[in-house]
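For reference, the structure is listed below as structure tokens.
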Amino acid sequence: MAADAPKPLVLSNARVIDPARGLDAPGSVIIADGTILAAGPEAANQGTPYGAEVYDCKGAIACPGLIDLCVSVGEPGAEHRETLASASKAAAAGGVTTICTMPDTDPVIDDPALVDFILRRARDTAIVNVLPLAALTKGLEGKEMAEIGLLQEAGAAAFTNGNRSVKNAQVMRRMMTYARDFGALVIHHTEDPDLAGGVMNAGLNASWKGLSGVPREAEIIMLERDLRLVGMSKSKYHANLISTSDSADVIRLGKSRGLDITAGVSINHLTHNENDIGAYRTFFKMSPPLRDEDDRQAMIAAVADGTIDIICSNHDPQDVETKRHPWAEAEDGAIGLETLLAAALRLHHSGQVDLVTLLGAMTSRPADRLGLETGRLSKGAPADVIVFDPDRPWVLEKSAIRSRSKNSPFEDARFSGRTLRTVVSGKTVFEYA
Amino acid sequence: MISMTATDTHRDTPYPHRHLLGIEGLHPHEILGLLDRAEEAVEVSRQVHKRKLVLQGRTQINLFFENSTRTQSSFELAGKRLGADVMNMAVSQSSVKKGETLIDTAATLNAMHPDLLVVRHHAAGAVHLLARKVGCSVVNAGDGPHEHPTQALLDALTIRRHKGKIARLTVAICGDIAHSRVARSNIILLNALGARVRVVAPSTLLPSGIAKMGVEVFTDMREGLKGADIVMMLRLQRERMSGAFIPSVREYYRYYGLDAEKLAYAREDALVMHPGPMNRGVEIDASIADGAQSLIREQVEMGVAVRMAVLEALAANLPNN
């Protein structure tokens with residue numbers, strides 16, 4: 001054992017949930033040398049490794065650490081909003097052990113050297129795993145291909161055009177076709193920019209507020225186009241942030257036709273609707289826009305039945321300079337790393353999504369999509385494990401937010417469910433005091 | 001006629017709000033209270049000595065992020081007739097481009113200790129944002145396509161003085177409803193006071209969900225004007241005239257411009273209104289704009305009166321009053 005290796009750790013007296021094998025049972029998790037030795041009921045009767053710390057979970061849940069597929073960080077270029085270090089602290093406190101960083105930084109992550117930069121900065125400063133997503137097109141301009149092969153070799157986990165859609169269908173088709181040769185996953189934000197052209201969900205609410213609307217069709221049309229292109233190119237595709245019931249139907253249809261597709265939803269679209277905007281509260285401004293309650297319910301149903309594979313935070317730190325403007329002029333985006341798990345648990349408490357499915361959408365399913373060993377409690381897997389009490393009440397106070405930016409739509413929100421301990425590769429990076 | 005309509009029933013209805021940000025949220029009796037106050041202000045304005053002293057010692061700042069000679073001078077005159085010190089601040093886009101946010105502007109203003117702030121801004125919700133950050137009373141003088149409450153009040157006052165009531169009148173609002181703050185404020189106010197509201201426009205100039213906004217929707221102007229008591233025309237912004245929302249000015253005028261032929265579908269005693277400034281030959285024919293059925297010039301007079309009423313009502317809630 002190396003000198004700086006963490007002590008072995010036994011999480012005893014836990015309710016062990018491992019969505020990868022559908023496990024939800026009392027037991028223990030035994031961790032040594034940064035990997036999982038055993039997890040589940042069978043681990044409860046095994047001895048403890050020499051020198052291990054035994055942590056009594058007192059019936060709290062032990063499960064794989066969350067993998068957040070869509071996280072914006074200000075590094076490089078906007079470190080005043082968020083750094084890899086500050087984002088990773090927020091993640092650890094929220095039970096997230098892996099963050100996938102979006103490439104829409106300044107400069108854009110469209111060069112192997114920049115992927116390398118992120119990985120080195122993460123190694124030196126971050127306390128959770130950081131997987132850089134690289135740009136799908138150079139400069140995210142949607143015109144020229146990025147170097148998929150070289151970027152992947154440098155460590156890019158997948159490819160995305162950030163929060164911009166690739167408008168040109170021919171460019172998208174070629175990107176998908178080329179990416180297929182490298183087995184690379186294409187993650188896409190599906191919103192037709194011409195049709196979108198507004199600042200909140202189109203409809204009566206926007207009309208009364210005098211705000212230009214983003215019709216649902218802007219998303220649906222782009223998604224339908226993409227799935228046709230996936231059919232042509234036989235590529236691996238993930239619709240990053242869907243928000244309408246029709247989008248879920250489109251995904252269902254695409255899956256039934258055997259396309260290699262998955263879909264994601266942001267936690268915001270599962271827990272908020274357009275009415276939360278109230279008197280032009282810009283912390284609720286995001287892309288895609290918050291939709292109506294019917295769409296929110298459809299998103300929850302789609303998570304429950306597995307149509308939506310992945311729940312992400314869509315963490316997007318924005319500071320006062322970019323948020324404290326009249327609605328139409330304010331930037332999109334909300335932070336969400338610290339609140340991802342707690343907010344998702346609302347769907348468990350409301351009885352709409354069972355806990356194993358819910359946690360699966362933030363652990364094993366993103367792991368499967370990215371081909372990661374983590375996101376599961378298998379013997380020999382890296383020990384990214386969290387302990388959380390699903391019923392612990394707390395209130396999100398602005399002063400306690402760990403992100404550098406405080407633009408949370410959950411300010412002063414009440415939650416049931418709190419992360420008690422976060423372990424990354426066997427090392428405890430967060431413990432709730 | 002005035003004595004008949006200006007009952008004293010609502011004159012002393014308290015106005016229990018710190019700001020006037022929109023018609024939305026006002027009770028019908030509060031609206032009537034403001035209209036009754038405005039009737040008095042009309043009298044004051046028609047005297048040789050046009051001054052009351054209710055705002056003496058108070059500072060009113062007119063903060064216009066968007067140019068508007070008409071509305072700004074109306075608010076200026078209203079404030080001065082009530083004895084306030086009025087300052088006009090035209091905020092050019094340049095200071096906004098220099099990076100000064102609306103919040104910075106609010107902080108600057110706070111330091112000047114105004115009592116009343118009249119704000120026009122090109123973005124919906126901007127006045128709400130400002131109202132949360134300043135320590136004085138705020139009047140919305142138009143925020144993007146959202147609301148323009150004093151325009152709706154002056155329209156209501158004008159209508160009431162001629163028709164003696166608002167309830168059960170049929171009012172047809174015609175033109176660019178989608179981008180119009182005047183339309184929104186009027187739809188809310190006229191519904192609150194029991195009028196039947198119609199909107200008349202090509203579908204590209206109607207906001208989505210319009211049928212649920214408490215109006216009857218017409219895309220045929222002749223149908224929409226049938227039996228109307230009031231025809232309220234809206235200004236068509238120049239940037240929307242060619243191509244994006246309507247094909248051309250001449251096509252718009254043909255189908256949606258108010259001329260004598262189309263006006264004949266309305267009631268014989270129908271009255272024509274326009275918030276100004278007018279595009280003659282685009283949304284309204286010159287002969288109608290200046291004709292016998294037009295109330296357009298009177299709307300301007302009522303504008304000053306309504307704004308006096310609003311400033312007075314807000315001043316009554318100011319500290320040390």
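Below, all heavy atoms of this structure are taken into account, side chains as well, without hydrogens, waters or symmetry copies. Letters A, B, ... are given to chains in the order of the sequence lines, protein chains preceding strands, and every chain is numbered from 1. Here the structure is a predicted model, which is why all the values come from computation and not from measurement.
For residues 208-217 of chain B, heavy-atom neighbours of chain A at less than 4.5 Å comprise Ser208(B), Gly209(B), Lys212(B), Met213(B), sorted by residue number. Scanning residues 171-202 of chain B against chain A with a 4.5 Å heavy-atom cutoff picks out Arg184(B), Ile187(B), Ile188(B), ordered by number. Residues of residues 206-222 of chain A lying under 4.5 angstrom from chain B, judged on non-hydrogen atoms, are Ser207(A), Trp208(A), Lys209(A), Gly210(A), Leu211(A) in numerical order. Contact residues of residues 269-292 of chain A toward chain B are Ala279(A), Tyr280(A) (heavy-atom distance under 4.5 Å).
For CG of Asn168(A), the number of neighbouring non-hydrogen atoms (other residues, nucleotides, ligands) closer than 6.0 Å is greater than 12. When the shell of 6.0 Å around CZ of Arg18(B) is examined, it contains more than 12 heavy atoms from other residues, nucleotides or ligands. Heavy atoms of other residues, nucleotides or ligands lying less than 6.0 angstrom from NZ of Lys89(A) number 12 at most. Within 6.0 Å of CZ in Arg132(B) there are more than 12 heavy atoms belonging to other residues, nucleotides or ligands. Crowding of Glu411(A) atom CD: a count of heavy atoms from other residues, nucleotides or ligands under 6.0 Å exceeding 12.
The side chain to side chain contact (heavy atoms under 4.5 Å, CB included) test with Arg324(A) is passed by exactly one of Ile103(B), Leu102(B), Asp104(B), Leu129(B): Ile103(B).
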